[in-house]
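Down below is the structure, laid out as structure tokens.
The figures here come from the full heavy-atom set of this structure, side chains too, leaving out hydrogens, waters and symmetry mates. Throughout, numbering of the chain's residues begins at 1 and tracks the sequence.
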Amino acid sequence: MAGAQLITNGTILTMDPAQPEVEAVGVIGDRIVAVGQRRLVEAALPRGFRTLDLAGRVCLPGFNEAHNHMIGFGTALGHVPAGYPEVRAIADIVRNVAERARQVPPGTWILGRGYDDNKLAERRHPTRHDLDAAAPEHPVMVVNGSGHMSVVNSLALRLAGITRDTADPEGGHIVRDEHGEPTGLLQETAQELVRAVIPPPTVEDHVAALRRCNDAYVAAGITSSQDAGSSLPEHLEAYQRAVREGALKLRTSMMIREHLLPHLLGLGIKQGFGDDRLRVGPVKLFIDGSLIGRTAAVSRPFLEDPREDNLGLTMMAQEALDDYVWQAHQAGFQVAVHAIGDRGIEMVLDAYERALARLPRADHRHRIEHCGILRPDLIERIARLGVLVVTQPIFITEYGDGFIRHLGLERIQLTYPFRSLLEAGIRVVFSSDCPVSSYVPLKSVQAAVTERTGSGRSYALEEAITVEEALPLYTVAGAYATFEEGRKGRIQPGMLADFAVLEQDPRAVEPEAIGEVRVSQTIIGGETVYEA
């Protein structure tokens, strides 16, 4: 455990409205013991304390990444690169897949992730024919950046038994050409048909992925993370091993997928089980797909879609959603449901309202993950029900041009609308959904402040918020989202000593430069886990 430490000689942003900036912070072990004037803080520390001289830099609470996929991100770091800006055309994907095919024996699976058809020169998804040209003797699966669709080659389709006669699974779609043949594009649950024949990773693979994720996150100033869906027992085992072996230093809350809930309840495990390093978090469900893939459940069709009546996909019927939400709610769990389209969000609110009517809970903190396409009536209901919105400003930067293309300018005005949510009194929590988007918190802050797409186009400028409003949404709000606001999120006595030290004050730089502010040091529990 770290000893006593004084942090001073810079700008210290506490996120505490009663004392927004202080001169010094005192730490003993893994806890903050004093904040305020330097002489008073020094008096609260034992002799022989160390001093962290900020030298004019900025110290704030460590960022809390409230919705992301840690194992998925760490795994993807070892896959074929397919994301923008490295990949700008289908030819780039073909080249990268072909290069990997030369490195591994025939028959070995080649996996990639990250492409965005809206940013490819061809403005289309790759097909099996594109991938066949790159690796005819290797099964290939390249996942879209959203994670909600993938393209595979002919060999992968054959191994999965997918033909023109294969029916779409519930909640999924096998895209077909004009002759009825699969193009290789698989949407939502249809991806599982191929994943079922890919050799599964081991627990050791998952631990290695968590180590890679941890190292990237702490370099961005992240000290806490909320995994958005541990769905397998080996995921839970990997998290425990990673903490035990020192591979995972991030404080981690594991959202548990709904099918594991009966097993937890059978063991008497409730939300919050664990410690400050690793704990059980909310129950997580999906109700729809992605906006960028036009599979989110919407009430009005998407624009520029081959299917003129495309209203997206739902992962389950309303009755099934109601039942899952009720089971978790009745058991005392917080519920977090992925919902992006307005029709999907309405289904989630219906399920929450029914559960709360059957069993009122004053401080349930049920969440909607993403909560993308909104309407005024939905915003009113979210506020009335006390539901948290866990959202991703970085989507505007990375996918905003595609959002405009798929929805039009009128509908995007209330698609990820930060100002409207805050003014309605709704608890808003920022996150990245990494590896869907960049995990760097300050890039999300920049997106919320500027409301500009990656091409520089105006998005919904009236929904922009200030830096002062955005920073607490990545610190205080993240702690609140897991009932941990009494332990972290602010620099106050009694809180965990988790800090991010920045080279510059994000309030003082140009808005377009916020995302480029460098993290020079990250501290978790009083111990430096990253230093530039």
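Of the possible donor and acceptor atoms, one in the side chain of Gln226 sits under 3.5 Å from a partner among the backbone N and O of Gly478. Distance alone, capped at 3.5 Å, is enough to place a donor-acceptor pair between the Asp92 side chain and the Ala89 backbone. Panel note: side chain Tyr352, backbone Val335; a donor-acceptor pair is recorded below 3.5 Å. Put simply, the side chain of Thr522 never gets that close to the backbone of Ala500: no donor and acceptor are under 3.5 Å apart. In this structure a side-chain-to-backbone donor-acceptor pair under 3.5 Å is missing from Ser437 to Asp433. In this structure, Arg279 contributes its side chain and Ser253 its backbone to no donor-acceptor pair below 3.5 Å. Between the side chain of Asp305 and the backbone N or O of Asn310 there is no donor-acceptor pair closer than 3.5 Å. Side-chain atoms of Glu65 never come within 3.5 Å of backbone atoms of Ile222 as a donor-acceptor pair (strictly under, hydrogens ignored). Side-chain atoms of Arg452 never come within 3.5 Å of backbone atoms of Thr397 as a donor-acceptor pair (strictly under, hydrogens ignored). Judged by distance alone, the side chain of His173 and the main-chain N or O of Ala190 form no donor-acceptor pair under 3.5 Å.
Counting heavy atoms from C-beta outward, Thr189 and Phe286 have side chains that stay 4.5 Å or more apart. At least one side-chain heavy atom of Val197 sits under 4.5 Å from a side-chain heavy atom of Trp109. Residues Pro201 and Thr75 form no side-chain contact, since every pair of their non-hydrogen atoms from C-beta on lies 4.5 Å or further apart. A 4.5 Å side-chain heavy-atom check between Arg124 and Asp130 finds at least one atom pair inside the cut-off. Counting only heavy atoms from C-beta outward, the side chains of Leu210 and Thr252 never approach each other to under 4.5 Å. Considering only heavy atoms from C-beta on, His235 stays 4.5 Å or farther from Asp227 through its side chain. A heavy-atom distance below 4.5 Å is not found between the side chains of Val80 and Ile93. The shortest distance between side-chain heavy atoms of Leu193 and Leu186 does not fall below 4.5 Å.
Checked for salt-bridge contact, Glu451 and Arg419 miss the test: no charged N lies under 4.0 Å from a carboxylate O.
Shortest non-hydrogen contact noted between Ile174 and Pro182 is CG2-CB, 4.1 Å. The minimum heavy-atom distance between Ala477 and Val428, with the atom names listed, is CB-O, 3.3 Å. In terms of heavy-atom proximity, Ser431 sits nearest to Ala66 at CB-N, 3.7 Å. Taking both residues in full, the closest heavy atoms of Arg88 and Pro85 are given as NE-O, 3.1 Å, listed atom of the first, atom of the second, then distance. Here the closest heavy-atom approach between residue Leu250 and residue Asn214 is recorded as N-OD1, 3.1 Å. Between Val97 and Ala135 the shortest heavy-atom distance is CG1-CB, 4.0 Å.
A distance of 10.0 Å separates CD1 of Ile465 from CD of Glu463, quoted to the nearest 0.5 Å. With rounding to the nearest 0.5 Å, the separation of CD1 in Ile287 from CD in Glu369 is 14.0 Å. Distance check, rounded to the nearest 0.5 Å: CZ of Arg241 to CG of Leu248 gives 13.0 Å. A distance of 11.5 Å separates CD1 in Ile396 from CD in Gln446, rounded to the nearest 0.5 Å. The CZ atom of Phe403 lies 7.5 Å from the CD1 atom of Ile340; values are rounded to the nearest 0.5 Å. With rounding to the nearest 0.5 Å, the separation of CD in Gln334 from CZ in Arg361 is 8.0 Å.
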- prompt: What's the verdict on side chain to side chain contact (heavy atoms under 4.5 Å, CB included) for Cys371 and Thr391, showing C-alpha distance, side-chain angles and the deciding distance?
  reply: CA-CA 6 Å; Cys371 203; Thr391 191; 5.5 Å; no
Could you check Thr223 against Phe499 for side chain to side chain contact (heavy atoms under 4.5 Å, CB included), going step by step and ending with a plain yes or no?
CA-CA 7 Å; Thr223 57; Phe499 310 104; over 6 Å; no
- Query: Could you walk me through whether Leu378 and Leu414 pass the side chain to side chain contact (heavy atoms under 4.5 Å, CB included) check?
  - Reply: CA-CA 11 Å; Leu378 296 178; Leu414 281 182; over 6 Å; no
Please assess Arg195 against Ser150 for the test side chain to side chain contact (heavy atoms under 4.5 Å, CB included), listing each intermediate value before the final yes or no.
CA-CA 10 Å; Arg195 290 195 176 118; Ser150 303; 4.1 Å; yes
| said: Is there a salt bridge (Lys or Arg N to Asp or Glu O under 4.0 Å) between Arg343 and Glu346? Walk through the geometry before answering. | reply: CA-CA 5 Å; Arg343 184 162 60 94; Glu346 191 162 21; over 6 Å; no
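Annotation: side chain to side chain donor-acceptor pair (under 3.5 Å) contacts of Ser290 (sequence neighbours excluded): none.
There is a side-chain donor-acceptor pair under 3.5 Å between Thr295 and Glu188. For Glu398 and Ser438, the side-chain atoms include no donor-acceptor pair closer than 3.5 Å. Between the side chains of Ser225 and Asn68, at least one donor N or O sits under 3.5 Å from an acceptor N or O. With 3.5 Å as the limit, one finds a donor-acceptor pair spanning the side chains of His370 and Gln392.
Ring pair His329/Trp326 is tilted by interplanar angle, where 30° to 60° counts as tilted. Between Phe73 and Tyr217, the angle of the ring planes stays under 30°, which puts this pair in the parallel group of the 30/60° scheme.
Stacking of Lys119 on the aromatic ring of Tyr115 is not recorded, the 6.0 Å distance cut-off and the 45° axial limit not both being met.
A 6.0 Å sphere centred on CZ of Arg427 holds no more than 12 heavy atoms belonging to other residues, nucleotides or ligands. Atom CZ of Arg95 has more than 12 heavy atoms from other residues, nucleotides or ligands within 6.0 Å.
In summary, the aromatic rings of Phe430 and Phe63 are positioned with their centroids too far apart to meet the 6.0 Å limit.
With Asp498 as the partner, the salt bridge (charged side-chain N to carboxylate O under 4.0 Å, His left out) test is satisfied by one option alone out of Lys488, Arg490, Arg251: Arg251.
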